[in-house]
S.K.: 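Below you will find the structure I want to go over with you.
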Amino acid sequence: MSQLFDDDYASALDAADPLQALRGEFHIPRHDGREQAYFCGNSLGLQPKAARGYVEEVLEKWAVEAVEGHFTGSGQWMPYHALVRNGLAAAVGALPSEVVAMNSLTANLHLMMVSFYRPTPERPAILMEAGAFPSDRYALESQVRFHGFDPDTDLIEVQPDEPDGTLSMAAIEQAIAEHGPRLALVLWPGVQYRTGQAFDMAEIVRLGHAAGAVVGFDHAHAAGNLPLRLHDAGADFAVWCHYKYMNAGPGAVAGCFVHERHARTDRPRFAGWWGHEQDSRFRMGPDFVPTPGAEGWQLSNPPILGLAPLRASLALFERAGMDALRARSERLTAYLQALIEARLSPVLQIVTPGEASRRGAQLSLRVRAGREAGRDLFAHLARNGVLGDWREPDVIRISPAPLYNNHADLLRFAREVQTWAAITHGQPHD
Ligand SMILES: *Cc1c(COP(=O)(O)O)cnc(C)c1O
C-alpha cells in the first residue's frame, strides 16, 4: 500500500471528496508562509470566515441602535438565542425545544445537576469514568459534597479494563449492575477526551435507566464530531461546549440539552429571569414560571457577541449535513490509521479503538519511545507546521476535523513523523 504515501493519491482523494470545498470557508493559520496542518479542532476549532460578519453585525447594531437593537430587525437580541436553536437541534439530534445555547460548559453541568442529581441516603451515588476531564470530576465531586455525601464512597469511577486505557461496554454494564441500587446519576462522555473512544450512548442510557438512575452526558468532544441522537437515545440531559468541533470561538457560549420528558418538570432548578415563561417575562412579576423545555434553565440574557460566531459555524454544519460530515470524518481518520499502520508503527501506537463505531475524528497516539522522545517529536512537528496536541505523559492527539482538514494534511503529518524518526535514528543516544 505504498501509494498511501503518494502526494497524488492524497490529492486525488481530496479532489474526489464532495465536502472538500468547506475547507475554503475557514481561516487556516499559516506557518512559514504556508497553511498549517492544524489538528487541534478537538481543542479550539478554526474560525469560519463568516464569523466576523456576524460579530460585526452585532457591533454595528449596538453602535447605531443601542437599546433598540433588542427589538429591531432580523438579528434582534431579545430572541437571539432562537437563531441558533434549529441548527443546534440538528447537530445533536434533538427537538428544537430540547436545546439551548447558554453559559459555559462547566456552569451548565452544575445547573443540570441541580435538577438531575437528587441524591438520597439510599441512592446517593454518581457513576462516572475514571480519568475524566478534570473539570467534570471537580464539578461532580463538589456536587456530592454539596449534598453532604462522601465522594470516597459516592463518586464511583469506572476503571479502564482494556490494555490501552479504553473501556469495554461490559465494564460499564458490570459497574451499573454492581452499583445500580445506589446510583442517582450516570454521567458519561460521548467521546473520551484523552483516548478518543466513543461510547454507545443509547446503551448507556438504557442500562442507567434500567437501574433507576438519571443519565446525563458531557458531549464536549462529541458535539460537531459525531452525529448525536440525544432525543432518540433518551438521555435526560447533556452539556457541551461550542469552541471545540463546533468552531464558535474561544470561550463561546455553550450548549445544553434537556429531554422533552422533562420539559415541564417540577424538579428543583436554579432560576433566572431569562428562563421565565416568555410571554410574561417582562411583567417582571415576583414568581418564577419556567418556560417549557431547555430554555427554562436559562439564567441571564445571553452574551450576544459570544453567540454570534456560532451562527456562522452552524450554517456550515447545516450545509454539510451531520451524516455526510461523519462519512468524510471516517474516511479521514481511516486514512490516518492506514498511514500509521503502514509505516509509523515503530514510532506510534494508536490508543484509540480501531473500529469506526468506537471513535470520532481523533486518534490518540502513544509515542513508543516515551515522554522525552515524544516531546521531541511533538516539537519537530510544530516546527514544521503540523499542530496536534500533547497529553502527558506520552500521547499526541491528532484530530482531523472533517469541515477543514484533508488527506494532504494527514500525509504531511505522516511524512514529518518519518523525517523525525530518520533524524533521531541516525543519532545514537545513550
Ligand atoms: C473542554 C472540556 C471542558 C472545558 O470546560 P469549560 O467549562 O468549557 O471550560 C470540560 N469538560 C470536558 C469533558 C471537556 O472536554
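Every number for a ligand or one of its atoms is a count from 1 in the order of the listing. Here the structure is a predicted model, which means the values were calculated and not measured. Sequential numbering from 1 along the given sequence is applied to the chain's residues.
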S.K.: Would you name the heavy atoms of H407 and Y335 that are closest together and state the gap between them?
M.R.: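 In terms of heavy atoms, the two residues are closest at O-CE2, 3.4 Å.
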S.K.: Just jot down the ligand 1 atoms closer than 4.0 angstrom to any heavy atom of H221, in number order.
M.R.: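 Here the atoms of ligand 1 in question are 15 (O).
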S.K.: Mind checking side-chain hydrogen bond (donor to acceptor under 3.5 Å, both in side chains) for R145 and listing every partner two or more places apart, or none if nothing turns up?
M.R.: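 Partners of R145 under the side-chain hydrogen bond (donor to acceptor under 3.5 Å, both in side chains) test: E141.
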S.K.: Checking the N or O distance criterion of under 3.5 Å, is ligand 1 in contact with S104?
M.R.: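 In fact, backbone or side chain, S104 has no N or O that close.
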S.K.: Can you list the atoms of ligand 1 that are under 4.0 Å from a heavy atom of K244?
M.R.: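 Matching atoms, with element in brackets: 1 (C), 2 (C), 3 (C), 14 (C), 15 (O).
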S.K.: Could you tell me whether S135 and ligand 1 have an N or O pair separated by under 3.5 Å?
M.R.: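 Min N/O separation from ligand 1 is not below 3.5 Å for S135.
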S.K.: Of Q47, K49, R319, which meets side-chain hydrogen bond (donor to acceptor under 3.5 Å, both in side chains) against E25?
M.R.: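 By the side-chain hydrogen bond (donor to acceptor under 3.5 Å, both in side chains) criterion, E25 pairs with just one of Q47, K49, R319: R319.
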S.K.: Are E60 and W62 close enough that a side-chain donor and a side-chain acceptor fall under 3.5 Å?
M.R.: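 No donor-acceptor contact under 3.5 Å links the two side chains.
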S.K.: Which of the atoms of ligand 1 are close to T106, meaning less than 4.0 Å from one of its heavy atoms?
M.R.: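 What qualifies from ligand 1 is 5 (O), 6 (P), 7 (O).
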S.K.: Under a 4.0 angstrom heavy-atom cut-off, which atoms of ligand 1 come close to Y243?
M.R.: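 What qualifies from ligand 1 is 1 (C), 4 (C), 5 (O), 6 (P), 8 (O), 9 (O).
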S.K.: Please state which option from F133, W240, Y138 has its nearest heavy atom closest to atom 13 (C) of ligand 1.
M.R.: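 The nearest heavy atom belongs to F133.
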S.K.: At under 4.0 Å between heavy atoms, is it the side chain or the backbone of D218 that contacts ligand 1, or both, or neither?
M.R.: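 It is the side chain that touches ligand 1; the backbone stays farther off.
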S.K.: Please check if atom CZ in R52 has more than 12 non-hydrogen atoms from other residues, nucleotides or ligands closer than 6.0 Å.
M.R.: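 No, because the 6.0 Å sphere around CZ of R52 holds 12 heavy atoms or fewer from other groups.
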S.K.: Passes side-chain hydrogen bond (donor to acceptor under 3.5 Å, both in side chains), H221 versus Q192? Steps please.
M.R.: CA-CA 7 Å; H221 281 260; Q192 216 283 344; over 6 Å; no
S.K.: Under 4.0 Å from any heavy atom of D136, which atoms of ligand 1 are there?
M.R.: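 The atoms of ligand 1 under 4.0 Å from a heavy atom of D136 are 10 (C), 11 (N), 12 (C), 13 (C).
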S.K.: Run the side-chain hydrogen bond (donor to acceptor under 3.5 Å, both in side chains) check on Q76 and S74 step by step: do they pass?
M.R.: CA-CA 6 Å; Q76 56 184 277; S74 57; over 6 Å; no
S.K.: When you compare ligand 1 with Y193, is there at least one nitrogen or oxygen pair between them that comes in under 3.5 angstrom?
M.R.: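 It does not: no N or O of Y193 is found under 3.5 Å from an N or O of ligand 1.
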